Amino acid sequence: MQQENIVEIIEKIRLGHSDQFRKLVEISQSMIYSLAFRLLCDEDEAKDIVQETFVKVWRNLNSFDTKMKFSTWIYTIATRLCYDRLRVWRRKSVFRIFTTENEMQLDIPSLENVENEVINADLRRVIAKLTSGLSLKQKLVFTLSEIECLEIEEIIAITGLSAEKIKSNLYLARQSIRKKLERM
Amino acid sequence: METKNDLYSQWIDNLQKTKPRLADANQLTDRVMDSVQKSQNSAISLTVIFLRPILAATAVFLIGLLVFQHTDEAEISQTANIRYVIEKTKTKDFPCGNSEVLPTPNYKTLLKQYQCYREKKSADNQDIKAKIAKILNQNQ
């Protein structure tokens, strides 16, 4: 979706057409879900992040500068929420183990969702394995830069880190992942 | 080194291509809209919760101010009445001495007024005595 169309929708919402917010959610929820899933490696948590992100978007829509890219703004909100959650997990030493046995105890998915479940489970395992040894900042920069393919300027705006810090974190993340791939 | 890089870029390519699947997109949209609606309602109730003590405090302050002003006015009118009475009594009962109204009668002026009152009364008594004597003389 073009930035102009999104701005048009936002202007309508600002004018009181709150039904247009649903359109905005439909357009951008998948990209937020994707980012949250890749950072948290958990479907339910990713959905929670989507929900919290849009609540924040709704509350702060009037302060959104339409000159700014909407995707950068919404990514910033979602990334900060994910980062906070990761920090809490790390502080509480929550070990999220992604094994097949662990997944087996969950509800058995319907046939239509089997493919989705398998793809998500594979993705979750791979990302968790590759990024497990990274620091939070390294994980954040790696996901935004290498997986989400964002430009460095956007990463600066989203994370608030300097270009040098982003580069050094990305370098360390790459090194760590390469070493893991060698061992695999 | 090249194979290492190849392996890395291969993995990254796969990760980029494989997007996480969202099976129930509509359900998620509904959930988001519900929470937005709830947050809207909770924002209103939060405003009410925060405003309630402020409004109560303002009401108490205004009531206090009104009561204070009312008692103040009553006191002023009461003082005015007292002054009026003092003035009247001074001019009526104490023609001798200083008849001008003093804003705050002190001990000295009160004594003067008392002395004046006594003098007047003794003069009155003498008059009465003289009148009684006169009546008695006439009867005899």
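No hydrogens, no waters, no symmetry mates; every other heavy atom, side chains included, goes into these values. Because the structure is predicted, anything quoted here is derived from the model rather than measured. Residue numbering restarts at 1 for every chain, and letters A, B, ... go by the order of the sequence lines.
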Of the backbone (N, CA, C, O) and the side chain (C-beta and beyond), which part of [X] lies under 4.5 Å from a heavy atom of chain B, both, or neither?
X: A/Arg174; value: both
X: A/Asp19; value: neither
X: A/Phe54; value: both

Step by step, would you call B/Lys19 with A/Asn120 a side-chain contact (heavy atoms from CB on, under 4.5 Å)? CA-CA 8 Å; B/Lys19 293 241 170 192; A/Asn120 282 353; over 6 Å; no
Is any side-chain heavy atom of A/Glu43 less than 4.5 Å from a side-chain heavy atom of B/Arg21?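 The answer is no; the side chains never approach within 4.5 Å.
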For the residue pair [X] and [Y], what are the closest heavy atoms and their distance?
X: A/Arg38; Y: B/Pro20; value: NE-CD, 4.0 Å
X: A/Val126; Y: B/Leu15; value: CG1-CD2, 3.9 Å
X: A/Val25; Y: B/Met33; value: CG2-SD, 4.1 Å

Just verifying a value: how many Å separate [X] [atom1] and [Y] [atom2], rounded to the nearest 0.5 Å?
X: A/Gln51; Y: B/Ser39; atom1: CD; atom2: OG; value: 10.0 Å
X: A/Ile177; Y: B/Leu7; atom1: CD1; atom2: CG; value: 12.0 Å
X: B/Thr18; Y: A/Ile127; atom1: OG1; atom2: CD1; value: 8.5 Å
X: A/Trp58; Y: B/Gln37; atom1: CH2; atom2: CD; value: 8.0 Å
X: A/Ile147; Y: B/Trp11; atom1: CD1; atom2: CH2; value: 11.5 Å

Kindly say whether B/Ala25 contributes a backbone atom to a donor-acceptor pair with the side chain of A/Gln29 at under 3.5 angstrom?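 It does hold such a pair.
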Options B/Asn14, B/Asn26, B/Leu22, ranked by heavy-atom pairs under 4.5 Å with chain A, top entry: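 Winner by heavy-atom pair count: B/Leu22.
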Quickly, which of A/Val55, A/Thr53, A/Val50 forms a side chain to side chain contact (heavy atoms under 4.5 Å, CB included) with B/Val32? Name it, please.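 The single option meeting the side chain to side chain contact (heavy atoms under 4.5 Å, CB included) with B/Val32 is A/Val50.
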hydrophobic_cluster_shared for [Y] and [X], side chain cutoff 4.5 Å:
X: B/Ile12; Y: A/Val141; result: yes
X: B/Ile128; Y: B/Leu136; result: yes
X: A/Val7; Y: A/Leu24; result: no
X: A/Tyr171; Y: A/Leu130; result: no
X: A/Leu172; Y: A/Leu181; result: no

Should we count [atom1] of [X] as having more than 12 external heavy atoms under 6.0 Å?
X: A/Lys56; atom1: NZ; value: no
X: A/Glu151; atom1: CD; value: no
X: A/Gln175; atom1: CD; value: yes

What's the verdict on side-chain contact (heavy atoms from CB on, under 4.5 Å) for A/Glu146 and B/Tyr8, showing C-alpha distance, side-chain angles and the deciding distance? CA-CA 11 Å; A/Glu146 298 284 83; B/Tyr8 177 82; 2.6 Å; yes
